[in-house]
Amino acid sequence: MNLIELFHLDRLTWSSAIDILIVSILIYHVLLLIRGTRAVQMALGVGFLVLFYYVTLWFNLETVQWIMTTILPYFVVGIIVLFAAEIRRALANIGKNPLLRKFSPNPVMGAYDEIVLAATALSTQRVGALIVIEREMGLKNYMESGVAVDAALSYDLLVSIFSPGAPLHDGAVIVQKDRITAAACFLPLTLNPSLSKKLGTRHRAAIGVTEESDAVVVVVSEETGIISTVVGGDIQRNLDGPSLRQHLASIFAVADSAPAAPASQLSPVAEGK
Ligand SMILES: Nc1ncnc2c1ncn2[C@@H]1O[C@H](COP(=O)(O)OP(=O)(O)OP(=O)(O)O)[C@@H](O)[C@H]1O
């Protein structure tokens, strides 16, 4: 028996090849989506139940089969509820239109330089900060949990919002293009069990919002002054001004022309705090 007969390749048609390709791409994207989340354990549990169902068919275990087929419809509803975040993310990714992205104007890196400067200054002063930058997916539901602000994105405003004791310092600032649109916003916490225990709620909120949206988050740790960015649930730690700027420039695909000024060149507003 040759390979063609062994794998029935003689029956392979163009449509079945395309079929296999699409299913492989779908499986690959589902695995990418659930990688590193609690959904992995659940997917393993579902796999085990499916296997168990075939074992009951094999041994003709009628009562177990009856129980499994009776609870299956409820089980499907349960899976939809449990995987709601992952399903939302998958649908949002499908809905992202690369054409729309091409036509929407690029954010001005100058505006994000304000974030770089503020993060650097806040880090030096050990002031915690949580800045969420909206991309294609709207963040209106998170904005509604905070206080609406409609102001130009500026270093001074960011530093004053996060100053300890300022009324809006607790929670996240939301940035849409070159404007600060909300402050003191509450974000969903990630439930990822594999995260370091060293990451507290500020960092968990930063990761959580990027698991549910395509936002980019800049976090400054109050405890250590460490600057991190989070995209798609992945946290990148230990950034400094230039690396944060470079990272934001690469995410937003804008020309990285001028390096961010060091924190020592910042205006007296920050330095005085
Ligand atoms: N769900 C949330 N949404 C928005 N902000 C949050 C949320 N949870 C916590 N925060 C912010 O994080 C602060 C508490 O941070 P905490 O010390 O628990 O976290 P952390 O990750 O260890 O941060 P740090 O390194 O800055 O101490 C809160 O005062 C609040 O400003």
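As the structure lists them, so they are numbered: ligands from 1, and atoms in each ligand from 1.
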*Using 4.0 Å as the upper bound for N to carboxylate O, is an ion pair formed by E222 and R126?*
no
_So is C185 touching ligand 1 or not, going by heavy atoms under 4.0 Å?_
yes
*Side-chain (T224) to main-chain (S221) donor-acceptor, under 3.5 angstrom*: no
*asked:* Regarding atom 7 (C) of ligand 1: of the candidates G225, G128, A205, P188, which has the closest heavy atom?
replied: A205
*Atom indices of ligand 1, in the order listed, that fall short of 4.0 Å to a heavy atom of L130*: 4 (C), 5 (N)
*Strictly under 6.0 Å, is that where the ring centroids of Y112 and F252 end up?*
yes
*To which protein heavy atom is atom 18 (O) of ligand 1 closest, and what is the distance rounded to 0.1 Å?*
T201 OG1, 2.6 Å
_Top protein contact for atom 3 (N) of ligand 1, by heavy-atom distance_ = L187 N, 2.9 Å
*Should you measure from each heavy atom of L189, which atoms of ligand 1 turn up under 4.0 Å away?*
1 (N)
*asked:* Less than 4.0 Å is my threshold; does some heavy atom of G200 fall inside it relative to ligand 1?
replied: yes
*Could you list the atoms of ligand 1 found under 4.0 angstrom from a heavy atom of E222?*
24 (P), 25 (O), 26 (O)
*For residues E211 and T190, is any side-chain donor paired with an opposing acceptor at under 3.5 Å?*
yes
*Are V216 and V230 close enough, and set up right, to give a side-chain contact (heavy atoms from CB on, under 4.5 Å), and what steps lead you there?*
CA-CA 6 Å; V216 176; V230 193; over 6 Å; no
*Per atom 28 (C) of ligand 1, closest listed option by heavy atom (V127, D170, V132)*: D170
*Looking at atom 21 (O) of ligand 1, what's its closest protein heavy atom, distance included?*
H203 ND1, 2.6 Å
_Any protein heavy atom at under 4.0 Å, with atom 16 (P) of ligand 1 as the reference point?_
yes
*Who gets closest to atom 23 (O) of ligand 1 by heavy atom: H169, R202, K198?*
R202
*asked:* Looking only at the side chains, is there a donor atom on one of S243 and D240 sitting less than 3.5 Å from an acceptor on the other?
replied: yes
*Show your working on side-chain contact (heavy atoms from CB on, under 4.5 Å) between L239 and S228 and close with a plain yes or no.*
CA-CA 6 Å; L239 298 171; S228 314; 5.7 Å; no
*Sub-4.0 Å atoms of ligand 1 with respect to non-hydrogen atoms of S221*: 24 (P), 25 (O), 26 (O)
*Give the residue, atom name and distance (to 0.1 Å) of the protein heavy atom nearest atom 27 (O) of ligand 1.*
E223 OE1, 3.7 Å
*Are V132 and L248 in one and the same hydrophobic cluster, where Ile, Leu, Val, Met, Phe, Trp and Tyr link if side-chain heavy atoms are under 4.5 Å apart?*
no
_L153 backbone acceptor or donor facing D178 side chain under 3.5 Å_ = no
